[in-house]
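Just so you know, these numbers use all the heavy atoms, side chains as well, and skip hydrogens, waters and symmetry mates. Indexing begins at 1, ligand by ligand and atom by atom, following the structure's order.
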Amino acid sequence: MQVSSDIVLGPRVRLRHPVVAAPMAGVTTPELAAAVTEAGGLGVLAFATIEVEKMRDEMARARQISPGPIGVNFFANAAPEPDVGRERGAAAAIAPLYRELGLDSLPTPVRPGPGFDEGRFELLLELDPDLVSFHFGLPSSEVVERLAAKGTTVATTATNISEARAAESAGADVVIAQGAEAGGHRGTLDPESEPIGTLALVPQVADAVSVPVLAAGGIGDGRGLAAALSLGAAAAQIGTAFIPCSESAADDVYRRAVLSTAGEDTTMTSSFSGRPARGRSNRLTSVLEGAEVAPFPVQRQLSGPLAKGGLEYRALWMGQAGSLARAEPAAAIVERIVCQAQGVARGVADRWRES
Ligand SMILES: Cc1cc2nc3c(=O)[nH]c(=O)nc-3n(C[C@H](O)[C@H](O)[C@H](O)COP(=O)(O)O)c2cc1C
């Protein structure tokens with residue numbers, strides 16, 4: 001069964017089901033993205049942290065599995081400004097954890113170049129995905145215009161109303177309204193801004209913009225999907241619920257952690273990467289709470305080696321609804337969530353009729 005008409009997110013993106021599998025760096029595989037597209041939703045490849053050759057390979061693998069629409073995702077943040085003072089402060093704060101684990105001295109941070117550069121843009125034009133989503137804002141208007149000219153849907157994340165309005169003005173065809181419950185990085189332009197929950201955010205964003213809105217954050221089953229659609233979203237962008245799926249790249253420790261972590265055992269922390277992101281609380285997040293961090297993503301180079309210490313020192317990104325996840329194939333997850341949402345919506349309509 002499907003909703004009465006296709007969900008249209010652009011000239012090349014028509015979906016049978018209102019489910020977008022969130023791009024998740026380190027977790028999404030071409031098999032996961034393609035399985036969700038084949039099931040009637042939309043799969044989005046996570047290109048933010050991988051090399052150009054891998055992008056080519058991932059796109060080819062996804063296209064082999066599914067002829068349907070496939071999206072790709074990038075981070076659009078500017079290259080970090082040199083800030084030796086902050087890097088020193090961050091290194092001093094994290095050093096005791098290196099000693100605790102008996103690890104060698106801290107690595108000297110190397111400032112990475114911009115995430116979304118000319119080379120990546122050229123490859124993007126060549127790979128020709130059906131949708132491109134950006135986290136941390138949109139790239140230049142030239143990039144947006146050239147993608148629009150190809151009929152590629154351009155989406156970007158907003159975590160409040162003003163970011164949503166700015167995204168629409170900058171040419172976004174779709175706004176991803178990401179609530180505070182979401183796993184992974186907050187796609188905000190202002191890391192200091194107050195996070196807003198999905199329930200409050202989505203209807204206000206839907207009122208503020210005229211383009212389709214994807215609701216993201218804490219949507220783990222059909223009840224969440226039905227709620228997102230009721231709030232005015234065209235579809236839900238779901239991340240955490242797919243982490244334990246058969247096609248995900250997550251290892252067993254990570255999968256088990258998602259299935260067993262209660263919402264209150266997650267936290268929004270900048271300690272791993274230098275930008276706020278939600279993941280499982282652990283010793284690292286509690287020791288570094290409030291401590292200085294190096295600019296994003298330089299902090300990742302300082303925290304990364306500590307992952308050798310296991311669960312208590314590793315970044316395990318997940319949202320507040322992790323315990324709603326099920327270890328199933330991605331297509332089964334889409335079917336289950338959509339069927340449950342239909343039942344929930346019917347149940348609510350029946351209750352109104354009865355009263
Ligand atoms: C493990 C993980 C990795 C993520 N990586 C990305 C990413 O690379 N790009 C991006 O735009 N969003 C990323 N996100 C955020 C998702 O796009 C989405 O906002 C979030 O998963 C929705 O909330 P939920 O996890 O509660 O479903 C990530 C989320 C998780 C859980």
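Checked for salt-bridge contact, Arg16 and Glu38 miss the test: no charged N lies under 4.0 Å from a carboxylate O. Salt-bridge check for Asp251 with Arg256: failed, with every basic side-chain N at 4.0 Å or more from each acidic carboxylate O.
Contacts of Asn282 classified as side-chain hydrogen bond (donor to acceptor under 3.5 Å, both in side chains), with partners at least two apart in sequence or in another chain: none. Listed by chain and number, the residues in a ring-ring contact (aromatic ring centres under 6.0 Å, His included) with Phe242 amount to none (sequence neighbours excluded).
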List, pair by pair, the atoms of ligand 1 and of the protein that are both N or O and lie under 3.5 Å apart, giving the separation rounded to 0.1 Å.
residue: ligand 1; atom: 5 (N); partner: Pro23; partner atom: O; Å: 3.4
residue: ligand 1; atom: 5 (N); partner: Ala25; partner atom: N; Å: 3.2
residue: ligand 1; atom: 8 (O); partner: Ala25; partner atom: N; Å: 3.2
residue: ligand 1; atom: 9 (N); partner: Asn73; partner atom: OD1; Å: 2.7
residue: ligand 1; atom: 11 (O); partner: Asn73; partner atom: OD1; Å: 3.4
residue: ligand 1; atom: 11 (O); partner: Asn73; partner atom: ND2; Å: 3.0
residue: ligand 1; atom: 11 (O); partner: His135; partner atom: ND1; Å: 3.1
residue: ligand 1; atom: 17 (O); partner: Gln237; partner atom: NE2; Å: 3.0
residue: ligand 1; atom: 19 (O); partner: Gln178; partner atom: NE2; Å: 3.0
residue: ligand 1; atom: 23 (O); partner: Gly217; partner atom: N; Å: 3.4
residue: ligand 1; atom: 25 (O); partner: Gly183; partner atom: N; Å: 3.2
residue: ligand 1; atom: 25 (O); partner: Thr240; partner atom: N; Å: 3.0
residue: ligand 1; atom: 25 (O); partner: Thr240; partner atom: OG1; Å: 2.5
residue: ligand 1; atom: 26 (O); partner: Gly218; partner atom: N; Å: 2.8
residue: ligand 1; atom: 27 (O); partner: Gly239; partner atom: N; Å: 2.8
residue: ligand 1; atom: 27 (O); partner: Thr240; partner atom: N; Å: 3.4

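Residue pairs that meet the salt bridge (Lys or Arg N to Asp or Glu O under 4.0 Å) test with at least one member in residues 161-186, sequence neighbours left out, do not exist here.
Note that Arg275 lies in the cation-pi zone of Phe136, set by a 6.0 Å cut-off to the ring centre and a 45° limit from the axis.
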